[in-house]
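See below for the structure under consideration.
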Amino acid sequence: VADNRCWSCGVCCQSKQDLQSHLHPSVNAKDVKLLLDDDKYLNPFMQEDSLLYSFEEDEDECNTSFEKEEFVKDFGSVCIDDDDTAEETELNAETYNKDKKTVMACPNGHLSLASSSKRITENGMDYGESARSVESNPKDKQSRVCIADVVEKDIKNINDSYFGSYSSFGIHRDMISDKIRTDAYRQALLKNPSLLNGAVVMDVGCGTGILSLFAAQAGASRVISIEASEKMATVATQIAKDNGLWGSKTDSEGNKSCTGVIEVVNCMVEDLDKSIQIQPHSVDILVSEWMGYCLLYESMLSSVLFARDRWLKPGGAILPDTATVFVAGFGKGGTSLPFWENVYGFNMSYIGKEVVEDAAKFPIVDIINHHDLVTNAAVLQSFDLATMKPDEVDFTATAELEAKNDTLDHKATACYGVVLWFETGFTSRFCKEMPTVLSTSPYTPKTHWSQTILTFREPISVASSKFTAEGSAAVGTDACPASKILLRISIAHATQHRCIDISLETAGVGSDGRKCSWPVQMFNLT
């Protein structure tokens, strides 16, 4: 970001050692020495960021600027353009030009190599001069970092760790015990016989196989259960056998051995072709519980869309088929301040204030009580999973929040931040007999996803438009509370695979129409 702070940890990179430690978790000192020898590479963050400076604050009046150019969504895209590299490696990447710079947007965190003018772009920034300094010396070429290999290795390590974490039975117990979650899928699969009867079903990320068991119970003719964790694939297979639903077509002698319908495949869905023979566009129903914190954490939606485009029949069903992200503002009760203000009769609010300040640096996954919301809820982003494109997973969207008239009684109150949650829909488009909704809202019973909390650096005073403000006071203060809070939020794949970056831009509008904006905040959900 603008003052040389590392995106991932917030530390200022003021030396070669600092930068070396932040370039990439898999790159060692020897590999990056040549890049670090070029001082121009040490300060790539000084370029203006269209998101970072899109809200410019003025002492007298602060004007919002939602109209300015949206920032590059893919924080984690990396591109090397090398005349000596004739090979092009492209994994689901889209190329576009921005200010005459060649950028490879890689929505899934993959890397692309292309032949152009010896330029390096990373996170939307151009390091062309540094690339040329590396290429100018033959010795440099021999020692050049193979960033593609490094990134590929890092993604593999993260995937191994990610899928390995799902080998813990405790995680699966938490998910299955989440009644809101499991009942929504159970109802969608068991209460829609016209959809499931005789259907070929693909379950992406089956885990214990609970959704596959529901599908088999509902009358599916074949259930292809895909699980990347070797341990859980074995577990799901045994569970299917124990329940008489294992559907292995032949035994070792070529004879039919089972009459069930479930087939568990141990692989990532992107590698399914290497594991079994399956015709493209031969699946009737694609089901997956892919949602992560803040909906998009874990980056599993991209895999579901890959499976949809590769194997789902035209007009086939995807469950769930919609997803919506909501946002609302929360008050003091949504922070830890009330706890620290009275600890066995003692005032420890000094701690509470520091805790709230620290909370403004990181997203928090926790439960917010709906009584602590001080604004209305607004839709931030909606996805139609049946039609959306893979590059639409990352998004920038705006929302407008208004103070809640029913609880504020026209008085000013402090908004300490915003909370995000999501709903997924099993709509009547496919679930004609019994559509249902899975909600993680503060207004519904809690789920294991909780909500995602983004805390402001300082609270913003809000009130209804009927509040009489002092004319000279700054918008967002108790004397002139904001009647509306304008938000622009971006959620995108982070540099670290399977994590997400969230940017938050905030502006307040007073009852007299004056505006004020606050500096952009960056959050990394890891």
Report task. Taking the side chain as every heavy atom from C-beta outward, state whether Gln521 and Leu454 have any atom pair closer than 4.5 Å. Result ->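 With C-beta onward as the side chain, the pair stays apart.
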Is a side-chain donor or acceptor of [X] paired with a backbone partner of [Y] at a separation under 3.5 angstrom?
X: Ser483; Y: Val509; value: yes
X: Asp178; Y: Thr447; value: no
X: His281; Y: Leu312; value: yes
X: Asp384; Y: Thr322; value: no
X: Asn192; Y: Met434; value: yes
X: Glu298; Y: Met291; value: no
X: Asp372; Y: Gly331; value: no
X: Ser517; Y: Ala507; value: no

Report task. Evaluate the criterion salt bridge (charged side-chain N to carboxylate O under 4.0 Å, His left out) for residue pair Lys484 and Glu400; output intermediate values, then yes/no. Result -> CA-CA 7 Å; Lys484 296 179 181 179; Glu400 182 177 299; 3.4 Å; yes
Requested in this report: For a ring-ring contact (aromatic ring centres under 6.0 Å, His included) with Phe422, tell me which candidate from Tyr297, Trp449, Phe326 qualifies.
Outcome: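 Testing Phe422 for a ring-ring contact (aromatic ring centres under 6.0 Å, His included) against Tyr297, Trp449, Phe326 leaves exactly one candidate, Trp449.
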Requested in this report: Apply salt bridge (charged side-chain N to carboxylate O under 4.0 Å, His left out) to the pair Glu341 and Lys353, showing each step before the final yes or no.
Outcome: CA-CA 10 Å; Glu341 287 176 347; Lys353 292 177 181 177; over 6 Å; no
Query - salt_bridge(Asp366, Lys446) N-O dist < 4.0 Å - result: no
Query raised in the report: Can you list the steps and then say if Asp391 with Lys389 is a salt bridge (charged side-chain N to carboxylate O under 4.0 Å, His left out)?
Result: CA-CA 5 Å; Asp391 61 5; Lys389 299 177 182 179; over 6 Å; no
Query raised in the report: Can you tell me if Ser303 and Glu270 form a side-chain donor-acceptor pair at under 3.5 Å?
Result: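 Result is yes, a qualifying pair exists.
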Query raised in the report: Is it true that the side chains of Ser212 and Asp203 contain a donor and an acceptor less than 3.5 Å apart?
Result: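 The answer is yes; a qualifying pair exists.
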Query raised in the report: Going through the distances and angles, do Lys361 and Asp358 end up as a salt bridge (charged side-chain N to carboxylate O under 4.0 Å, His left out)?
Result: CA-CA 6 Å; Lys361 303 174 184 176; Asp358 289 341; 3.8 Å; yes
Report task. Could you go through the side chain to side chain contact (heavy atoms under 4.5 Å, CB included) check for Val356 and Leu337 one step at a time? Result -> CA-CA 8 Å; Val356 172; Leu337 287 174; 3.7 Å; yes
